[in-house]
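Right, one structure below, let's go through it.
Residue numbers begin at 1 in each chain, while the letters A, B, ... track the order of the sequences. Just so we're clear, the structure is a prediction, and the values are computed from it rather than from any experiment.
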There are 2 protein chains.
Amino acid sequence: MTRERTSNLYQGVPLEQRRAARRAALIRAAVAVYGERGYRAATVKSVCAAAGLTERYFYESFANSEALLVASYEAVIDAMLGEMRAAVVGAPAEARAPAVLRSYYAMLRREPEAARVFLVEIAGVSPAVDRVSGAALKAFGLLLDAAVNGADASPASPALLRAGVTGGVIHIALRWIAGGHAEPFDAVVEQAVRLCGTLKPAAT
Amino acid sequence: MTRERTSNLYQGVPLEQRRAARRAALIRAAVAVYGERGYRAATVKSVCAAAGLTERYFYESFANSEALLVASYEAVIDAMLGEMRAAVVGAPAEARAPAVLRSYYAMLRREPEAARVFLVEIAGVSPAVDRVSGAALKAFGLLLDAAVNGADASPASPALLRAGVTGGVIHIALRWIAGGHAEPFDAVVEQAVRLCGTLKPAAT
DNA sequence: AAATTCTGACAACGATCGTTGTCAAAAGCG
DNA sequence: CGCTTTTGACAACGATCGTTGTCAGAATTT
């Protein structure tokens, strides 16, 4: 009988927590590296280096390179959707559309590189990523619809139109960013609000 | 003195024409391979094989792999813009927006895989490609504006809004394709027309 | 017919990268 | 203190791919 270890502690921290911390560090590093060098130029080694960890811990938390991309994407999108939902509930009913869009473009302005990566480079990378980003787009569209039409009869607009408006809002952001944020913030929001007006039920 | 060749003919075809034919074959093959396997999975060798040529002729016509992508993209976009412009001039002034959109979605339905590649996978591949696709987006936006507002005072809509509507039209296509063309063609066009209505000058 | 060019198949090089494996030192536990 | 686990640095493997180079045979011209 050799002596067995009974606790998980290392430097006072249990195993599970250490793993979670490393995982979070890798995701944080991935977002940073993707933003700096672009997703395609980001390697597993470079992300590990940026996280101050080694490949060993990469494969402890992620099955492969793609899994990290998906996890990073979900982390970013969840944070963004959360902030936007907060903006919606924090605004009077008649000013909700501008409120969400303000919140959205403010976040993108805050971190333009990360925005570019997760709005553009993500697309078409792999079927798994496409699934996740498709779901995110859908959630974004529903949020916009709710902001414009109220959260009651939730999807008050046809799905295709919602997809169109959502894509439009994103493309406004992309052109804004591509132009180095030349246009004033309020003008960006204004055009996006106009676009989102299409979501109001047609006056048949 | 050794004997020198004075003509360029080979099998009755001059050199320049043979090279152009090979180049065209490579572009045609590239579009097909991109569509089948996706751009990222497409290798130089696979494109050459599909074209019935070898790497030797690849580097005769293109400096590198990226150059082929750009050339293919431009070929596809030029053809699409041409067809759409024809649709515009062939329609009565008040029905021009539906006419362009009809033409656009019809083309995408005709070749869904190629559409996916050049609408999605292209994005963020390289700065050079981004430049080209940015220009194509701009041209598409101007075409839509002209179809809605008439070709007189050309850009009757703000650039950001135009970018948004353009992106929206594309995203409608993407969702339509992702759903396997489930929605009827006319419904797709109808939603896109609604979206494009935003381009009409605001009734201030 | 002889010389030259064109063509196509394919090997080889070099670089990159994801993934796995090794190993020794540090840290914790009894 | 002995023993185990954890950690981190890094080598190595294997696969892929872009790009260049080789070479023999077919086509063409004089």
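Listed by first then second residue, pairs satisfying side-chain hydrogen bond (donor to acceptor under 3.5 Å, both in side chains) with a partner in residues 176-189 of chain B read B/Arg102-B/Asp186, not counting sequence neighbours. Sorted by first and then second residue, the pairs that involve residues 60-75 of chain A and meet side-chain hydrogen bond (donor to acceptor under 3.5 Å, both in side chains), not counting sequence neighbours, are A/Arg22-A/Glu60, A/Glu66-A/Ser126.
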For residues 104-114 of chain B, run the donor-acceptor check on the side chains, cut-off 3.5 Å, and write out each pair with its distance to 0.1 Å, sequence neighbours left out.
| unit_1 | atom_1 | unit_2 | atom_2 | d |
| --- | --- | --- | --- | --- |
| B/Tyr105 | OH | B/Val169 | O | 2.9 |
| B/Arg110 | NH2 | B/Glu83 | OE2 | 3.0 |

For residues 191-199 of chain A, tabulate all N or O donor-acceptor pairs below 3.5 Å that involve a side-chain atom, not counting sequence neighbours.
| unit_1 | atom_1 | unit_2 | atom_2 | d |
| --- | --- | --- | --- | --- |
| A/Arg194 | NH2 | B/Thr198 | O | 3.3 |
| A/Arg194 | NH2 | B/Lys200 | O | 3.4 |
| A/Thr198 | OG1 | A/Leu195 | O | 2.6 |
| A/Thr198 | OG1 | B/Thr198 | OG1 | 3.4 |

Quick one: do A/Val117 and A/Val76 satisfy side-chain contact (heavy atoms from CB on, under 4.5 Å)? Show the steps, please.
CA-CA 11 Å; A/Val117 173; A/Val76 169; over 6 Å; no
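The stretch residues 12-32 of chain B touches DNA chain C through B/Arg18, B/Arg22, each having a heavy atom under 4.0 angstrom from the strand.
If you measure from atom CD of A/Gln11 to atom P of D/dT7, you get 8 Å, rounded to the nearest angstrom. For the pair B/Tyr57 OH and C/dT7 P, the computed distance is 4 Å after rounding to whole Å.
A search for salt bridge (charged side-chain N to carboxylate O under 4.0 Å, His left out) contacts involving B/Arg175 returns nothing, not counting sequence neighbours. By the side-chain hydrogen bond (donor to acceptor under 3.5 Å, both in side chains) test, A/Thr54 pairs with no residue at all, sequence neighbours left out. Legend: residues meeting salt bridge (charged side-chain N to carboxylate O under 4.0 Å, His left out) with A/Asp130, ordered by chain and number and at least two apart, are B/Arg116.
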What's touching nucleotides 16-19 of chain C from the protein side, N or O pairs under 3.5 Å?
| unit_1 | atom_1 | unit_2 | atom_2 | d |
| --- | --- | --- | --- | --- |
| C/dG18 | OP2 | A/Val44 | N | 3.0 |
| C/dT19 | OP2 | A/Tyr59 | OH | 2.7 |
| C/dT19 | OP2 | A/Ser65 | N | 3.1 |
| C/dT19 | O5' | A/Tyr59 | OH | 3.1 |
| C/dT19 | O4 | A/Lys45 | NZ | 2.8 |

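The side chain of B/Arg56 lies closest to C/dT7, out of D/dT7, C/dG28, C/dT7.
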